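A quick write-up on the structure given underneath.
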2 protein chains.
Amino acid sequence: MSRFDATENRINLTHQRFPGYPREPAMLVRLVKAISQHVHDTANLVLRQYGLNHTDYNVLMMLYGCQQEGMTVTQLRDAAAEKSANVTRVCNILYDRGWMARFADPQDRRRVLVSLTPEGEALVEQFLPSMSSLLNQYGAAFDARETAQLENLLKRLLGVAEQIEREL
Amino acid sequence: MSRFDATENRINLTHQRFPGYPREPAMLVRLVKAISQHVHDTANLVLRQYGLNHTDYNVLMMLYGCQQEGMTVTQLRDAAAEKSANVTRVCNILYDRGWMARFADPQDRRRVLVSLTPEGEALVEQFLPSMSSLLNQYGAAFDARETAQLENLLKRLLGVAEQIEREL
DNA sequence: ACCGAATAGTTCATTTATGTACTATTCGGT
DNA sequence: ACCGAATAGTACATAAATGAACTATTCGGT
């Protein structure tokens, strides 16, 4: 009995009251939000011992995954699915704590290149084991075929979500 | 070329640098976050004209989907995937604007029953057409079989996410 | 070469969200 | 019946996130 059953019931009833309200997409969107929220909360709990939260983690991981060359703030914004103002805020924190380096892109002086310092890399490698085992617990829900299926379906959903937002 | 490609590349590289970091669950979790974020932003944009945001909407819809009987704040918290403190905050707003009724549950006086006022129902019915058509755009990405598949996989993912959080 | 439009990023005020502590009530074992 | 533990909800201080305005730089058409 998941807590989501309540949501499902409400959606079904709304669809009855107002037939134009589409049951299936409403379910999908609510499921995504609920999962996202649980992942967020759980990550916050685990990361707390490192003085980090889930957003900090997302940003740090994207930087860890680009080696020494660094990336721009806009790339970081897209990769971490955050607003640029929020990326700036998080980067200020990471920079102040000595985990991030920042320098102007010589190619385009509007751009700011960000990357991890050695201290930042060490920090990431410190929490990576616990975060990896957490991620593995999510992965354990599916076999390889299902995982591939889910990834494919989510990519398509993300595609339309991006498009809808763009066209609005 | 989705903006998610950047994320995918970072994850692959991280997996190379630190093989214990599991690529697939990391992808799933990031996809969910990205979708959630886009849905949130788009809904905020659409709902703005009604003086509402996505969270207000989620709460209002759950209340609309339970007819006159109302629901408790805890049920609302679960159904809307929010923290109780946030539900209180949103309810204060909705109450102040005259869209929500609140009264103590006679069965258990710790509980507060919330429901929509007639004005609240009218408001919901006012934005439901635009929100329904927005939802339909998401649904258009899949045929019936795929939708069912995705719903099933997401429910399972939510199940483990809930369990992981519970056990932490 | 020039200039208006577009892009990258930050700042700032405000809104939204969270953790924690607290009150009131109910539950459950004795 | 009593009392310590558990539950429901709110209050409050703080943190996280956002929109919009702004600066600096680059782009693109003439």
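Here the structure is a predicted model, which is why all the values come from computation and not from measurement. Numbered from 1 within each chain, the chains take letters A, B, ... in sequence-line order.
The residues A/E8 and A/R23 are annotated as salt-bridged, a charged nitrogen and a carboxylate oxygen being separated by less than 4.0 angstrom. The residues B/R110 and B/D108 are annotated as salt-bridged, a charged nitrogen and a carboxylate oxygen being separated by less than 4.0 angstrom. Taking 4.0 Å as the cut-off between side-chain N and carboxylate O, B/E146 and A/R156 count as a salt-bridged pair. Comment: B/D41 engages A/K83 in a salt bridge, judged by a side-chain N to carboxylate O separation of less than 4.0 angstrom. Contact check on A/E82 versus A/R89 returns no salt bridge, with no Lys/Arg side-chain nitrogen under 4.0 Å from an Asp/Glu carboxylate oxygen.
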- Query: Pairing of DNA chain D as dot-bracket, 5' to 3': ( ) intra-strand, [ ] crossing, | other strand, . unpaired, with Watson-Crick or G-U pairs under 3.5 Å?
  - Reply: ||||||||||||||||||||||||||||||
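If you measure from atom CZ of A/R89 to atom C1' of C/dA17, you get 11 Å, rounded to the nearest angstrom. One can place CZ of B/R111 at 12 Å from C1' of D/dG9, the figure rounded to the nearest angstrom. Rounded to an integer number of Å, the gap from CG of A/N86 to C1' of C/dT11 is 14 Å. When rounded to the nearest whole Å, the span between CG of A/L76 and C1' of C/dG9 equals 12 Å. Taking atom CD of B/E82 as the reference point, atom P of C/dG19 lies 12 Å away to the nearest angstrom. As a whole-Å value, the separation of A/N44 CG from D/dA15 P is 14 Å.
Applying the 6.0 Å contact sphere to CZ of A/F18 captures more than 12 heavy atoms from other residues, nucleotides or ligands.
The base of C/dT7 sits with one of its N or O atoms less than 3.5 Å from a complementary donor or acceptor on the side chain of A/R110.
Nearest nucleotide to the A/T88 side chain, out of C/dA17, D/dA11, C/dT10: C/dT10. Comparing D/dT10, C/dG9, C/dT25 against the side chain of B/R102 picks out D/dT10 as the nearest.
Across all strands, B/N53 comes closer than 4.0 Å only to sugar-phosphate atoms, never to a base (heavy-atom distances). Residue contacts for A/D108: at a heavy-atom cut-off of 4.0 Å it reaches the sugar-phosphate backbone alone, with no base atom in range. Residue A/Q75 is out of contact with every strand shown, counting any heavy-atom pair closer than 4.0 Å. A/R77 comes within 4.0 angstrom of no nucleic acid atom, judged by non-hydrogen atoms across all strands. Within the 4.0 angstrom heavy-atom criterion, no nucleotide atom of any strand lies near A/D105.
Cation-pi contact between B/R10 and A/Y64: absent, since separation from the ring centre below 6.0 Å together with deviation from the ring axis within 45° is not met.
Where B/H40 and A/P106 each meet DNA chain D at their nearest nucleotide, the meeting point lying more 5' is that of B/H40. Each of A/Q37 and A/T74 has a nearest nucleotide on DNA chain C; the 5'-most of these lies closest to A/T74. Nearest-nucleotide positions on DNA chain C for A/R48 and A/M71 put A/M71 closer to the 5' end.
The phosphate of D/dT25 has neither OP1 nor OP2 within less than 4.0 Å of any side-chain N or O from A/Q107.
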